[in-house]
Amino acid sequence: MTETTGRVTAAGSMTVPVRGDGTGDTASPMVGHPAAHGMAHPDHDTAPVSRARTVGRFLAHLAEMVVVMVLGMLALAPAWDLAGAVLGVEVALARPDVGAVVMVLDMVAAMTVWMRVRRHGWAAIWEMNAAMAAPFAVLLALFWAGVVTAGDLMLWGHVLMVPAMAGAMLLRPAEYTQHVHGFDLAWLRGRWPVLLGLALLALTIAGGVGGLPPWLILGVALVYPVVGLVRSSIRGRSMVLLQAAGLAVFAVVALLATAFAGQDTGAYVVAAGLVGHAVWDAFHHRAGAVVWRWYAETCVVYDLLLAAAVVAVTFAP
């Protein structure tokens, strides 16, 4: 007869046999396992949760989201004011439609960071961001059509955002009523490249972005093959061809920007090149290829926001 019962050691751990046929029994230690002490793990508690408690958790989570949304809007507003003054686009930022877009961006940025720190999955984060932006997207279309006023845009945009967020939460009820998320502070500490990108952006726009050199696109594109050669990180024929093709594309963009230098078209070409390079950065960051991952992350932030600044200055009256 084979032994089928577990053995409790002096240290309080339980050994559970995996096989019981007597041929090469393998035991698995369960050191400190809650079941060994008669306790259920809190994350896997099988006790039924009352409906009132479930609703309470849902509403508490929604309230948490609303607070983060408001704090993000308040915290980032001074940065927009400063950027507007430095770039000379205060009039553009004062427009109701532009102001609405800016507020949505502030709230989405704060929500993304908070939900990621709270260990939510990216799918839930994108759903929440879409829910926050959806009311303003509809109201902006109505505002441009002359159906609603600027006051209606701001008032109803914020009012409708809360039920839209609740709707996004209902897509994943367990995400907001059962899971214990905790805080992923290690992820937050690892976002220092974002701060570096913002610092570099501040230094750039302090000198003005209206006269950015057209060859800037080629300059940032050259970093990849140079770093790749120094680090010997460009390996294989496919990677060599990819880097050569990327450099050629950005060289063409730089030539176009030079051809239209001093015109609005040239500025828009520079902005388009920066956005394209941000996509290039994101690809390399995800693949962990050629350059350091921190550099690619920094460059994504810098390229995208600098492109937005160029467009804002060019478009502003």
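Predicted model only: the values in this text are computed from it and were never measured.
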I need the [X] [atom1] to [Y] [atom2] distance, nearest 0.5 Å.
X      : Y      : atom1 : atom2 : answer
Leu247 : Leu242 : CG    : CG    : 11.0 Å
Leu71  : Leu76  : CG    : CG    : 10.5 Å
Leu93  : Leu87  : CG    : CG    : 8.5 Å
Met111 : Met73  : CE    : CE    : 11.0 Å
Met132 : His158 : CE    : NE2   : 9.0 Å
Arg191 : Arg116 : CZ    : CZ    : 8.0 Å

Heavy-atom closest contact ([X] atom, [Y] atom, distance):
X      : Y      : answer
Met154 : Ala100 : CE-N, 3.6 Å
Ile234 : Tyr224 : CD1-O, 4.4 Å
Ala312 : Val89  : O-CG1, 3.7 Å
Gly273 : Val253 : CA-CG1, 3.8 Å
Ala124 : Glu175 : CB-OE2, 4.0 Å
Leu153 : Leu139 : CD1-CB, 3.6 Å

Legend entry - Distance-only donor-acceptor check, side chains Gln243 and His284, under 3.5 Å: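 Present: a donor and an acceptor within the cut-off.
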Legend entry - Exercise: do Trp80 and Asp106 side chains pair donor with acceptor under 3.5 Å: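 The criterion, which ignores hydrogens and geometry beyond distance, is satisfied for Asp106 and Trp80.
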Inset, instruction - Decide yes or no on side-chain contact (heavy atoms from CB on, under 4.5 Å) for Phe58 and Leu170, but give the supporting numbers first. - result: CA-CA 9 Å; Phe58 184 90; Leu170 288 173; 3.8 Å; yes
In one Ile/Leu/Val/Met/Phe/Trp/Tyr side-chain cluster, 4.5 Å: [X], [Y]:
X      : Y      : answer
Val240 : Val291 : yes
Val249 : Trp215 : no
Val101 : Val148 : yes
Ile217 : Phe283 : yes
Leu185 : Val113 : yes

Taking the side chain from [X] and the backbone from [Y], do they hold a donor-acceptor pair closer than 3.5 Å?
X      : Y      : answer
Arg57  : Tyr176 : no
Thr298 : Pro193 : yes
Arg95  : Val91  : no

Contact between [X] and [Y] at the side-chain level, heavy atoms closer than 4.5 Å - yes or no?
X      : Y      : result
Leu212 : Leu306 : yes
Met169 : Glu127 : no
Val300 : Leu304 : yes

Legend entry - Geometric cation-pi criterion Arg118 and Phe183, 6.0 Å radius, 45° cone: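 Satisfied, under 6.0 Å and within 45°.
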Inset, instruction - Establish, yes or no, whether the cationic atom of Arg189 lies under 6.0 Å from the six-membered ring centre of Trp192 and within 45° of the ring axis. - result: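 No, a cation-pi geometry is absent between Arg189 and Trp192.
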Inset, instruction - Report the C-alpha separation of Phe136 and Met161 in whole Å, then their side-chain angles, then the decisive distance to 0.1 Å, and conclude whether the side-chain contact (heavy atoms from CB on, under 4.5 Å) test is met. - result: CA-CA 8 Å; Phe136 275 100; Met161 187 179 288; 3.3 Å; yes
Legend entry - Crowding at OH, Tyr268 (>12 non-hydrogen neighbours, <6.0 Å):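 Buried by this count: over 12 neighbours within 6.0 Å.
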Legend entry - Verdict with supporting geometry, Met128 and His120, side-chain contact (heavy atoms from CB on, under 4.5 Å): CA-CA 11 Å; Met128 183 61 65; His120 287 277; over 6 Å; no
Legend entry - The single option from Val230, Leu229, Val223 passing side chain to side chain contact (heavy atoms under 4.5 Å, CB included) against Val227: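 That would be Val223.
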Inset, instruction - Indicate, with yes or no, if the rings of Tyr302 and His277 have centres closer together than 6.0 Å. - result: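 No, the ring of Tyr302 stays outside the 6.0 Å limit from the ring of His277, centre to centre.
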Inset, instruction - Give the ring-plane orientation class for Tyr295 versus Trp292, where under 30° counts as parallel, over 60° as perpendicular and anything between as tilted. - result: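 Correct class here is perpendicular.
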